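The structure appears right after this line, and notes come after that.
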Amino acid sequence: MHDRSLPASPNWYCSRCSDVTGGGLLGVGAKNIIYLIDVSASTCRVTGELVGHKDLVSGFSFCQHEGQSHICVSSSSDGSIRFWDSDTKALIKEHAAHQVSTTSVHWSPVDKNLVVSGDEKGVVICHWYHTGDTSRFFPEPRTIFCLTCSPHTWTSVAVGYKDGMIVLVDVSKKGEVTHRLRGHDDEIHSLAWSPVVGEDGLSSRAEDGEVSAVGEQGCFLASGSKDQTVRIWSTAKGVMTLKLPYLKKRGSVVDPGIKERLWLSVLWPKGRPTQLVSSCFSGELMMWDLTRSGKQRWTLLGTSSEGQNHSRIVFNMSVVKLQDGRELLISTSMDREIKCWDLASLDCCWTLPTLGGFVYALTFSPVGAGCLAIGVGDNMIRVWNTLSTQNQYDTRFFWQGIKSKVTALAWHPAKEGSLAFGTDDGKVGIYEVFSNKPPHISSSYHRKTVYTLAWGPPVPPMSFGAVGGKLYYSLYSCAGEGTILQHDPSKLSGEASDIDKLIRDTNDIKHKLSPHTDLSWKPDGKVVAIGNEDGCIDVYQAPSLKLLCSLQQHHKIINTLRWHHSHSSVPEHHGLLASGSSNAAVYVHDLHSVIENPPENPVVLTEPYRRLCGHTSKITSMAWSPHHDARLVTASYDGTAQVWDVLQGEAVCNYRGHVGYLLCVDWSPVDPDVIWSGGKDFTVQEWRVSKQEFTNPPKGKKMVELREKMKTNPKQKRKNKKASGAGGAAPSEMNGEPASGEKAEAGQSGEEELDEVSSTNSPVPPPGSRVESAACIFKTVSICMNVPDTNLLKKKKPRSMLPISTSMDHRPKEDLLQDCITLASVKHNSCVPGQGEHIHLGLFSDRQALHRMFEAEVEGHMEAGHYDSVVYLQLWTGDLEGALQLATEKGELSDHLLTIAPMAGFEVWKRTVEAFVKQLCLQEQYLKAASHLLSVNKLYEAIDLLQSHRLYREAIALVKARLPADDPILKELYTGWAAVLEKDGHFSAAAKCYLAAGTSFDAAKVIARKNDTSSLMTAATLARISGEVTLAQSLAMRCTKDLAAAQDWVQAQEALSSQKNLLGHRLHLCAAELLIVMLADSKVASQACVSNNPWASPGDRHVTVQDWVRDVWEEHFGVSPRNAGDLLQDLKSLESPAPSSNIPLTQVLLHSSLHLTRSVLSWLLEDDGQLIKELWQAVAWLRDPGHFCVSAELCRLLFPDGTSAKAAADSLQAFVLYHRLYELWWSNSADNTDPQNGLAAADSCPADEVCPPLRLGNLDFDASLLLSEPHAACQATQRSVTEVQERLAAMVLQHSRAQGGQLDPGEEQADVAPQISSTDAGDYVMYPHPDVVECCLVLLHLSKSSLSVSERLQEDAKALLRKYGSGPSTLRASQRFLT
């Protein structure tokens, strides 16, 4: 897009921030951009940029393999690694593997897919380009300064660290350190491998004790360090050390700090195994001959003529061998130049200047054709001979006398080589560019940034004009404070004059003039246009500066003004004035008639001649084409430059080659198609109007994309430390900050402005350097956009104690003079000092007048609410008690007033303290208030204050420190704090308070509220220690219940063993554990226990569960018939809830095991009746909730041979026979019927179908016990009652709905008959029995396929079915047997 360009300066203190391809394409990292430069021709040319990084580029490397040479990789301080296509300038992919700033990156010369990078923390990461995979190594916990991949094997990488260590790592073995090379004492700046394998041909002298292995094949490695040495590391011959020579320049003064400003870069050129190139102290490059011995083993580059070498330290070197056979070396330096060297002749081929700051101004000389002056933010001026045929970049640098950013430039309109400049710190000077003399600096400084410089005819009081036929000019400067100064160029040491005085006098202006922001003299010198901060443009006639007209079209600050050139063929065009402001529109004004026919009185123009709209942000610069009539180019903050045809009011073209906003633009004086522009991206670009593809500035989406592109320059945070990739030799210098000293340090400086990236990797400010403000350069209002140095912040002026009298001393001069006369004649005048119009004179009269002035000041302070000032005034007058009283009333008491209160007496001080306490309480400073109460011996009040605001901890500490231990308030505080903590859920802390208060019962209860096993166990232990036996046992039982539910049997036994009189409950736990273990072995219950006791471990099992339980009790618990009675009585007090299907199986087994425990104790007591009763309840507890299989298995464990007990065991025997009946049926069933279905299987065959025959065995037991008629009658009655209850409930509900009312639940239940839970027949208790009707049906089904069911048993079953089988399902199932 552009022809020639001056790019941004390469970044400093980076070990590898530039690289070159075999085709001659150089990549250089500058700020956060990578510039691509073609170096293959006789001169260089910037071909493009790689834009995308959001932080400084810290490393760059090309892929040197055929077919991939257009691919490159870069690293950044933000930790990202990016791969680019240099042909398309596009980003390929990005990795964010590093967590901190990346310091170096290198593409392996051996493996085309391997890229290695390192960061500040010492992490080395291998990136595989073709797969996108990464591998991370951490060889050393040190800051990495540089790394380089071996050119002979892909596995070897050399890494240099900040502390001087060099390590060789093998990336194929997970970063294993193969060698550690020790010898350097300071930072490793650069590493270079020998281009060939082998160690022949070098003259080395191994130093004592410095032999270090490098590799099995004996490859040399060169390293450059800040310790001023280059070391060649060898396998067999030790270390060769090359000490840098100090080369004193002819005519220069020795700088004692030059050796500290060192960056030692080394390069081993391909095909030159015996020659090594390194940098030196002051930018010299030297070629070392490694085969020679002695001191003079080096040859300087660029000795054939003066000025070839760099003037400051060199950071990077790259070498390329072109197709024409030339071998070139490219170097970058702190002097902001990129140089190309021919290694054959060791001479410099060409030099490319670079820029280290914003380009604020550029202007062509009206006398010397093609001489372009550039003002840059790096504190330097460049003068570029753009028409040079031998060197396209023939540029001279000017830095002497400039200590700040160059923000304005202006060539003398007639004197060749005379260039005026203005700086950010308000300095104005004149350079004679064709001499070596320092500039002439004006003795009159502006207070703020110089925006504009202009040459014009002198105006009074300057009294020079045409002498000897020569035309003389004055230099005018406009700066940020809003003033325009006129300087005498022949006598800059004299005082400059402010033209505002002449404007006021000539035009009789009494009001304040608006601050000026720009000026432009018409080329013929007749009139001058001045832009103002309010958007107004005033046009004055020279030399008296009479106001001709005022242009009031802009509404924002004027940034730039330009008159049309005077050599137009149309005279009317000479009066065209273009203006740009902080809004986006450009106005062109036709002032030809006003200038030719000046009006008597100033006129106001509100409409422009042309309004040029298209930019989307403020206008910063403009220039008329000297080759066309009314053709204008404008630069804007929208990042583009726009060419306009003013006569047609149309856009001609739009240039978008910059990254960031534009700050200056000028038209080439020799080529009508060429325009030059500069801006925020540190570049000056030459471009042609005819080659632009766009006509208008971007709108909509294009503008968004452009602004995103501009945002890639974020502002860097200044760190007050030495940066990682740097430090180097010059901690007091950086690419972006000023430095001082010799001419070689002209490369100093950079920017600290909004959205700017400092082009350095070592942001260390120089000692004594001042932080510059970031005032906006282009006429924006003086708003600081940077964070200023806290040392330079102006302290806020305190409020005056005497504001009325102070304000009266700031009146006009005449009034102040009158005050002197009034004060002198007080004795003879009627005025009274200290009041009325003379209130301020009370300070200069007697004490009475002072008191009157104080009274007036007090009234003013009271009205303004400044009561603290009133208090101090009363203190000054001696009214201390009144001051304290006022401060108390207004709530303005302070520690200072409290310290002086004793001067007024004890009672006053005491009242003041009490008032201050109230004030502190309102301010919620309760601790401070309590402390002040202690000062007046109000201890209990202080405790109450802390307690009332829930500061219990502080209150208790105060009580324990100051009161007896038995004071009742202490217990009250503990109890109150415990209640608050308990309410907030802090139960442990609340328990400690209860313990301290002596209420152990409450402490145990509050801990138990957590309701987890650990809290319950702690609470039980606490209650036992405190003597609360009942509570301890209760809590232990609760804890045991939870542990047993979780089957943590060991902890459950421990919880009970610590309590007394709980042996019975321990026996219950033991029986439950054994029962669950036996059921788990039978596979009818799952055992997910946490822990088991030793007695439940696998071993010899007994025939019945009763025997096992009895044996364990006798062995581990000492149970015998002597103590069984007492234990049984303890367990009888435990009650079990009614069985329900919602109870988990574990809980059901616990309830069943309770009855098992009672039955075993009854067995030991030989109580057979109680034994059978408890066994029956144990089985029933499992059957009723629906655990049919578990109940059957328990019956088998209790009665493995099926024998029955006596009379009381009939019910239990019936259940046993019931289970065996079903077992017989299921054992040989053709279809796998679910055991839990009960009678469903019998009801599965319809009445008219024949069920498939069952292969059954014979009945080996008497089933007549199952056909109990009393139980059948009872069960039928229960079914009838249940049916009646359901019908009655439905009728009641229907009746209530019909009446529109609704019964209460209690009333509804009152109308329902109570359910029959048991049947009493005198003294005979009828125990639960299997469903008789169901048993009848099962027997009849069995009779169909087995002859073992007797005829009598069948007849009894049919009789019972006819008599009691009245249910619908029963009738349907029995129909096939009764017909």
Side-chain angles (χ1 to χ4, degrees), residues 7-19 27-36 49-61 72-84 89 91-106 115 117-121 123 125 127 143-147 315-316 332 354 356-358 377 659-660 680-683 707-728 734-737 750-765 774 785-787:
S9 295
N11 291 336
W12 297 353
Y13 303 114
C14 301
S15 63
R16 189 190 303 273
C17 207
S18 65
D19 198 8
V28 178
K31 301 195 307 169
N32 59 335
I33 300 175
I34 299 152
Y35 289 91
L36 301 177
E49 304 93 15
L50 303 179
V51 181
H53 279 295
K54 296 182 179 179
D55 212 329
L56 293 174
V57 175
S58 58
F60 179 79
S61 179
C72 53
V73 63
S74 61
S75 63
S76 173
S77 296
D78 60 9
S80 65
I81 303 293
R82 296 189 178 217
F83 292 87
W84 309 86
K89 316 296 188 300
L91 176 67
I92 299 175
K93 56 185 174 181
E94 177 181 7
H95 292 287
H98 291 279
Q99 304 298 321
V100 295
S101 177
T102 310
T103 56
S104 55
V105 67
H106 190 208
V115 174
S117 60
D119 62 27
E120 288 181 345
K121 297 297 184 182
V123 176
I125 297 181
H127 310 262
T143 300
I144 295 176
F145 256 46
C146 58
L147 60 79
F315 293 112
N316 298 128
T332 65
T354 62
F358 290 3
V659 181
K680 173 190 173 183
D681 58 358
F682 290 30
T683 66
R707 292 196 175 183
E708 287 298 323
K709 184 180 177 183
M710 293 166 62
K711 286 180 181 178
T712 57
N713 267 355
K715 178 181 173 60
Q716 289 297 295
K717 292 183 179 179
R718 298 280 177 185
K719 296 181 181 179
N720 191 20
K721 65 178 182 178
K722 184 182 275 189
S724 61
M734 59 180 290
N735 184 16
E737 289 233 36
E751 305 297 298
E752 290 181 348
E753 306 204 10
L754 188 65
D755 296 335
E756 180 173 353
V757 176
S758 169
S759 53
T760 178
N761 208 26
S762 177
V764 184
M785 304 300 290
N786 257 351
V787 179

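These numbers were taken from a predicted model, which means no experiment stands behind them.
- Side chains of Ile33 and Phe682 form no contact here, defined as non-hydrogen atoms less than 4.5 Å apart.
- What you find for Ser80 and Glu94 is that their closest heavy atoms are CB-OE2, 3.5 Å.
- When all heavy atoms of Ala8 and Asp681 are compared, the closest pair comes out as CB-O, 4.0 Å.
- The shortest distance between side-chain heavy atoms of Thr103 and Ser15 does not fall below 4.5 Å.
- Taking CD from Glu49 and NZ from Lys31, the interatomic distance works out to 10.5 Å, rounded to the nearest 0.5 Å.
- The two residues Gly27 and Leu36 make their nearest non-hydrogen contact at CA-CD2, 4.1 Å.
- For Gly356 against Ser9, the heavy-atom pair with the smallest separation is N-OG, 3.4 Å.
- Atom NZ of Lys89 sits about 7.5 Å away from atom CG of Leu50, to the nearest 0.5 Å.
- Annotation: side chain of Val73 is not in contact with side chain of Arg82 (no heavy-atom distance under 4.5 Å).
- The side-chain heavy atoms of Ser117 and His127, taken from C-beta on, include a pair separated by under 4.5 Å.
- A donor and an acceptor atom, one from each side chain of Ser58 and Ser77, are nowhere located under 3.5 Å apart.
- Checked by atom type and distance alone, the side chain of Asp55 never pairs as donor or acceptor with a backbone atom of Ser76 at under 3.5 Å.
- In this structure, the side chains of Tyr35 and Thr683 come closer than 4.5 Å at one or more pairs of heavy atoms.
- Rounding to the nearest 0.5 Å places CG of Asp78 at 7.0 Å from NE2 of His53.
- Under a 3.5 Å cut-off, the side chain of Asn316 and the backbone N or O of Cys14 do form a donor-acceptor pair.
- Using a 4.5 Å heavy-atom threshold, the side chains of Trp84 and Ser74 count as touching.
- Under the 4.5 Å side-chain criterion, counting only non-hydrogen atoms from C-beta, Asp119 is not in contact with Gln99.
- Counting only heavy atoms from C-beta outward, the side chains of Val105 and Arg16 never approach each other to under 4.5 Å.
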Residues Phe60, Cys72; criterion side-chain contact (heavy atoms from CB on, under 4.5 Å); working and verdict
CA-CA 7 Å; Phe60 179 79; Cys72 53; 3.6 Å; yes
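- Closest of all the heavy-atom pairs between Ser61 and His106 is OG-CD2, 3.6 Å.
- The shortest non-hydrogen separation linking Ile81 to Ser75 is CD1-CB, 3.5 Å.
- Rounding to the nearest 0.5 Å places CG of Leu56 at 12.0 Å from OG1 of Thr102.
- Rounded to the nearest 0.5 Å, atoms CD1 (Ile125) and NE2 (His95) are 10.0 Å apart.
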